[in-house]
Amino acid sequence: MGMYLDSKAAYTLYQRETIRPYFVDKSKMIIELLQLIKEGGGYICITRPRRFGKTVMANMISAFFSRAVDGDALFYTLDIAQEQSYKKYQNKYPVIHIPFNDVLGGCKSYEDYISSIEQQLIADLRASYPDVVPDGEDSAAAALLNIYNEEDMFQVIFVLDEWDFIFHQPFASQKDKMEYLLFLRNLLKDRPYVLLAYMTG
């Protein structure tokens, strides 16, 4: 478990939402994702205005599928529990949840920004798979492919919140934005380790 791989943060944040006075249970949306989980290689991008609840939904999806925390006490009271097979999927998958708008440390350039994200993801993968991800690895996609090649059943659910954050930063040039799109393409497109990619922005 790490900052991005099977992080406990999404569970904690979603749990807080469920006890708010005006909480709206949207957990049945998870049912829509189960078919994509069964088929594998599904990609969803949710584009809505600010304050639409995109991050709450992203946290819910991570909390439900991730192995980080046993979510039974949280989800058994929600609408998803009416789905007979929900236990088959709950907390069964490695989840990489990256809130792209929440990068620790000062980022004064695109290189600082993307390096911070990629190096943290590699560190999480190395901590969970120390015999597979070598020291000095500088590509998250390569690290994930190494794990997949060693563990045939290794497939990941990606939850990428605010994926377009970089496009609104003054330090990001047009060239930086193109490089960022290539980073996402390299990480996700036609990769056997991608079980589902859920993106908001």
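Everything numeric here is computed off the predicted structure, so don't read it as measured data.
- Rounded to the nearest 0.5 angstrom, I61 CD1 and I157 CD1 are separated by 9.0 Å.
- Looking at every heavy atom in both residues, I122 comes nearest to D138 through CD1-C, 3.5 Å.
- Side-chain contact between Y93 and L196 is absent, with no heavy atoms from C-beta onward closer than 4.5 Å.
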Practice prompt. Test side-chain contact (heavy atoms from CB on, under 4.5 Å) on D70 and Q90 and set out the steps.
Written response: CA-CA 8 Å; D70 182 352; Q90 182 185 328; 4.1 Å; yes
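- Note: Y193 and F158 have tilted aromatic rings, judged against thresholds of 30 and 60 degrees for the angle between ring planes.
- D6 pairs by the salt bridge (Lys or Arg N to Asp or Glu O under 4.0 Å) definition with R67, not counting sequence neighbours.
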Worksheet entry | Worked check of side-chain contact (heavy atoms from CB on, under 4.5 Å) between L33 and I44 | CA-CA 9 Å; L33 302 179; I44 296 176; 3.3 Å; yes
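- Taking every heavy atom of both residues into account, A10 and H97 meet most closely at CB-ND1, 3.7 Å.
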Discussion item. What verdict does the side-chain contact (heavy atoms from CB on, under 4.5 Å) test give for L144 and L187, after you've listed the backbone C-alpha separation in whole Å, the side-chain angles of each residue and the deciding distance to 0.1 Å?
Written reply: CA-CA 9 Å; L144 286 159; L187 184 67; 3.8 Å; yes
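- Side-chain contact between P94 and F154 is present, with heavy atoms from C-beta onward closer than 4.5 Å.
- Atom OH of Y76 has 12 or fewer neighbouring heavy atoms from other residues, nucleotides or ligands inside a 6.0 Å radius.
- Residues D161 and F100 form no side-chain contact, since every pair of their non-hydrogen atoms from C-beta on lies 4.5 Å or further apart.
- The hydrophobic clustering, which links ILVMFWY residues whose side-chain heavy atoms are closer than 4.5 Å, places L13 and V56 apart.
- Proximity of L78 to F23: side-chain heavy atoms (C-beta onward) are separated by under 4.5 Å at one or more points.
- The side-chain hydrogen bond (donor to acceptor under 3.5 Å, both in side chains) test applied to N146 returns no partner, not counting sequence neighbours.
- At distances below 3.5 Å, at least one donor-acceptor pair connects side-chain atoms of K92 with backbone N or O atoms of K87.
- For the pair M199 and L188, the minimum side-chain heavy-atom distance is below 4.5 Å.
- When every heavy atom of E137 is checked against every heavy atom of A143, the shortest pair comes out as CG-CB, 4.1 Å.
- In terms of the salt bridge (Lys or Arg N to Asp or Glu O under 4.0 Å) criterion, E111 has no residue partners (sequence neighbours excluded).
- A donor-acceptor pair under 3.5 Å is absent between the side-chain atoms of T200 and the main chain of I46, judged by distance alone.
- In this structure a side-chain-to-backbone donor-acceptor pair under 3.5 Å is missing from S66 to N91.
- To the nearest 0.5 Å, atoms CD1 (I80) and NZ (K28) are separated by 9.0 Å.
- Side-chain contact, S62 with N59: no donor N or O sits under 3.5 Å from an acceptor N or O.
- Neither V24 nor M60 shares a network with the other; the hydrophobic side chains, linked directly or stepwise wherever heavy atoms of I, L, V, M, F, W or Y lie under 4.5 Å apart, form separate groups for each.
- Counting heavy atoms from C-beta on, the side chains of N186 and R191 come closer than 4.5 Å.
- Between Y110 and Y180, the ring planes lie perpendicular to each other; the angle is over 60°, past the 30° to 60° tilted range.
- Of all heavy-atom pairs spanning R16 and R20, the tightest one is O-CG, 3.5 Å.
- Judged purely by atom type and a 3.5 angstrom limit, D124 uses its side chain to pair as donor or acceptor with the backbone of L5.
- The hydrophobic cluster containing L182 does not contain Y43, counting ILVMFWY residues as joined when their side-chain heavy atoms lie under 4.5 angstrom apart, directly or transitively.
- Distance check, rounded to the nearest 0.5 Å: OG1 of T77 to CG of D72 gives 9.5 Å.
- A distance of 12.0 Å separates OG in S109 from CD in Q169, rounded to the nearest 0.5 Å.
- Between I30 and Y86, every side-chain heavy-atom pair lies at or beyond the 4.5 Å cut-off.
- Atom CD of Q84 sits in a sparse spot, with 12 or fewer heavy atoms from other residues, nucleotides or ligands closer than 6.0 Å.
- Between L125 and A140, the closest heavy-atom pair is CD1-O, 4.3 Å.
- A donor-acceptor pair is defined here as one N or O able to donate and one able to accept, closer than 3.5 Å; no such pair exists between the side chain of S7 and the backbone of Y4.
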Worksheet item: Going through the checks in order, is the side-chain contact (heavy atoms from CB on, under 4.5 Å) test met by I31 and Y89?
Response: CA-CA 10 Å; I31 297 171; Y89 301 94; over 6 Å; no
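- Put simply, OH on Y14 and CZ on F75 are 5.5 Å apart, with the number rounded to the nearest 0.5 Å.
- A 4.5 Å side-chain heavy-atom check between V156 and Y148 finds every atom pair outside the cut-off.
- S139 places a side-chain N or O within donor-acceptor distance of the main-chain N or O of A142, the cut-off being under 3.5 Å.
- Summarising the geometry, atom NZ belonging to K177 is positioned 8.5 Å from atom CD1 belonging to I166; distances are rounded to the nearest 0.5 Å.
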